[in-house]
Amino acid sequence: MKKCMQCEQVYGDETNFCLSDGASLVSVSGSFTSHTETPTVMSNFPFIPPLSSAPPETKKSNTLLIVAGVGLLLLVAGGAIAGLVIYNLSKSSAVKNENIANISNSTDKSNKNGVAEQKSGNDNLAQNLKEQQDNLKKDKQKLEDERKALEAKKKDAAQTPKPADSRPATIIDPPSNVRQSPNGAVLCIIKQRTIINITGTTNVYDNNGVWYYTDVCGKTGVIHSSQIKF
C-alpha cells in the first residue's frame with residue numbers, strides 16, 4: 001500500500017503520486033480502512049507535514065475564480081479598446097470626409113478663378129495683338145508716305161532748273177525727245193530745228209554727253225546735249 005502524507009489518501013502499490021495534490025506517495029505496512037489509523041511508514045524519508053490544511057477542491061475553486069476574473073477583466077478591457085478604436089476611426093473618417101469636402105470646394109473655386117483669369121488673360125492678349133497689328137499698319141503706312149514724299153522731292157529736285165544757267169540752244173537733230181528725267185518718260189517731241197531755252201544742267205553724264213533742263217514742253221523737262229547746240 002502507498003499513502004499520501006499530505007492528504008492521507010491511500011493508493012495501491014502501482015501508484016506513485018497523489019491524484020489530488022500531486023505529492024509523492026510512500027509505502028506503508030499493514031491494512032487500514034480509516035484515516036484515524038496510523039500506519040507504519042516504510043520509508044527512509046522523514047515525515048513532511050502538509051503545507052496547507054485546505055482541501056484541494058478549495059484551491060481549484062479559487063484558481064478558477066481568479067482565472068474567470070482575469071478573463072472578465074481582459075474581456076472588458078478588450079471591449080473598451082475596441083470601442084475606442086472604432087470611435088477614433090469614425091472620428092478620423094468624419095474629419096477626412098470634411099477635409100475632402102473642403103479640398104473639393106477649394107478646388108472648384110480655384111478652377112473657376114483659374115478659368116476666369118485665363119479668359120481675362122486671353123482677352124487681354126487678343127487686345128494687345130490687335131493693338132500691335134494696328135500699330136504695324138500705321139508704321140507701314142507712315143513709311144510708305146515718307147517713301148512717296150522722298151521720291152516726289154527727288155523728282156522735283158531733278159526737274160528744278162538752275163536760273164543762273166538759263167540760255168538759248170538750237171535743236172540740231174530733230175526729232176528730239178524732251179524727257180521728265182534723264183532717260184525717263186518722254187514729255188514731248190520736237191520735230192523740227194528750233195531754238196529752245198536751256199535753264200540749267202542736271203550734272204547727269206553718260207557716254208554721249210550731259211542732260212540739260214528745258215521748258216520747251218510747257219513744263220520743266222530734260223534734253224540730251226547731243227540734240228542741241230549752244
Side-chain angles (χ1 to χ4, degrees), residues 91-230:
K91 186 176 180 181
S92 176
S93 177
V95 172
K96 183 177 181 180
N97 292 333
E98 183 178 359
N99 292 335
I100 293 174
N102 293 333
I103 293 173
S104 178
N105 294 332
S106 300
T107 303
D108 292 339
K109 292 180 179 179
S110 299
N111 291 335
K112 291 180 180 179
N113 294 333
V115 170
E117 291 178 357
Q118 184 177 3
K119 183 178 180 181
S120 177
N122 291 336
D123 294 340
N124 293 333
L125 181 60
Q127 183 65 26
N128 292 333
L129 290 175
K130 187 176 182 302
E131 291 178 356
Q132 291 178 2
Q133 291 177 352
D134 293 340
N135 292 332
L136 288 175
K137 289 181 180 180
K138 291 179 181 179
D139 293 340
K140 184 177 180 181
Q141 186 62 40
K142 184 178 179 181
L143 291 174
E144 183 66 19
D145 293 341
E146 290 178 354
R147 185 187 66 80
K148 290 181 179 180
L150 182 60
E151 289 181 354
K153 186 176 180 181
K154 289 181 179 180
K155 185 176 180 180
D156 292 340
Q159 294 178 353
T160 302
K162 296 181 180 180
D165 294 338
S166 180
R167 51 183 171 165
T170 301
I171 298 296
I172 61 173
D173 188 18
S176 299
N177 294 327
V178 178
R179 301 178 180 274
Q180 291 181 353
S181 60
N183 295 318
V186 176
L187 288 177
C188 63
I189 300 174
I190 301 173
K191 297 181 180 181
Q192 59 184 1
R193 294 172 66 91
T194 184
I195 297 175
I196 64 173
N197 185 38
I198 300 299
T199 59
T201 178
T202 64
N203 293 321
V204 176
Y205 294 85
D206 56 24
N207 294 333
N208 297 321
V210 63
W211 292 85
Y212 289 96
Y213 290 107
T214 181
D215 54 5
V216 68
C217 296
K219 60 181 180 179
T220 302
V222 296
I223 189 170
H224 196 267
S225 61
S226 63
Q227 302 297 311
I228 62 175
K229 183 177 181 182
F230 292 103

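Just so you know, residue 1 is the first one in the sequence shown, and it goes up from there.
- The backbone N or O of Gly218 lies less than 3.5 Å from no partner atom in the side chain of Asp215, so there is not a single donor-acceptor pair.
- Residue Asp173 holds its CG atom at 13.0 Å from NZ of Lys229, rounded to the nearest 0.5 Å.
- Expressed to the nearest 0.5 Å, how far OG1 of Thr201 lies from OH of Tyr213 amounts to 8.0 Å.
- Closest heavy-atom contact between Ser181 and Val222: C-CG2, 3.3 Å.
- Closest approach of Ala169 to Ile198, counting heavy atoms only: CB-CG1, 3.5 Å.
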Please assess Val204 against Asn183 for the test side-chain contact (heavy atoms from CB on, under 4.5 Å), listing each intermediate value before the final yes or no.
-> CA-CA 10 Å; Val204 176; Asn183 295 318; over 6 Å; no
Atom pairs and distances, donor-acceptor, side-chain atoms in residues 133-143, under 3.5 Å, two or more places apart:
from: Asp134; atom 1: OD2; to: Lys130; atom 2: NZ; distance (Å): 3.4
from: Asn135; atom 1: ND2; to: Glu131; atom 2: O; distance (Å): 3.1
from: Gln141; atom 1: NE2; to: Asp145; atom 2: OD1; distance (Å): 3.0

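- Heavy atoms only, all atoms of each residue included: Ile195 and Pro168 are closest at CG2-CB, 3.9 Å.
- Under the 4.5 Å side-chain criterion, counting only non-hydrogen atoms from C-beta, Lys191 is not in contact with Pro174.
- The two residues Gln227 and Pro175 come nearest to each other via the heavy atoms OE1-O, 4.1 Å.
- A 4.5 Å side-chain heavy-atom check between Gln127 and Asp123 finds every atom pair outside the cut-off.
- Gln180 contributes atom CD, which lies 10.5 Å from atom SG of Cys188 (distance to the nearest 0.5 angstrom).
- Looking only at distances, no side-chain donor or acceptor of Ser176 sits under 3.5 Å from a matching main-chain atom of Ile190.
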Stepwise salt bridge (Lys or Arg N to Asp or Glu O under 4.0 Å) test for Lys148 and Glu151 | CA-CA 5 Å; Lys148 290 181 179 180; Glu151 289 181 354; over 6 Å; no
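- Not a single donor-acceptor pair under 3.5 Å links the side chain of Thr170 to the backbone N or O of Ile172.
- Closest heavy-atom contact between Gly209 and Ser225: CA-OG, 3.4 Å.
- The backbone N or O of Tyr212 sits nowhere less than 3.5 Å from a side-chain atom of Thr202 that would complete a donor-acceptor pair.
- How far CD1 of Ile196 is from CD1 of Ile171: 3.5 Å, rounded to the nearest 0.5 Å.
- With values rounded to the nearest 0.5 angstrom, Ile223 atom CD1 is found 6.0 Å from Ile228 atom CD1.
- A distance of 8.0 Å separates OG of Ser226 from CG of Asp206, quoted to the nearest 0.5 Å.
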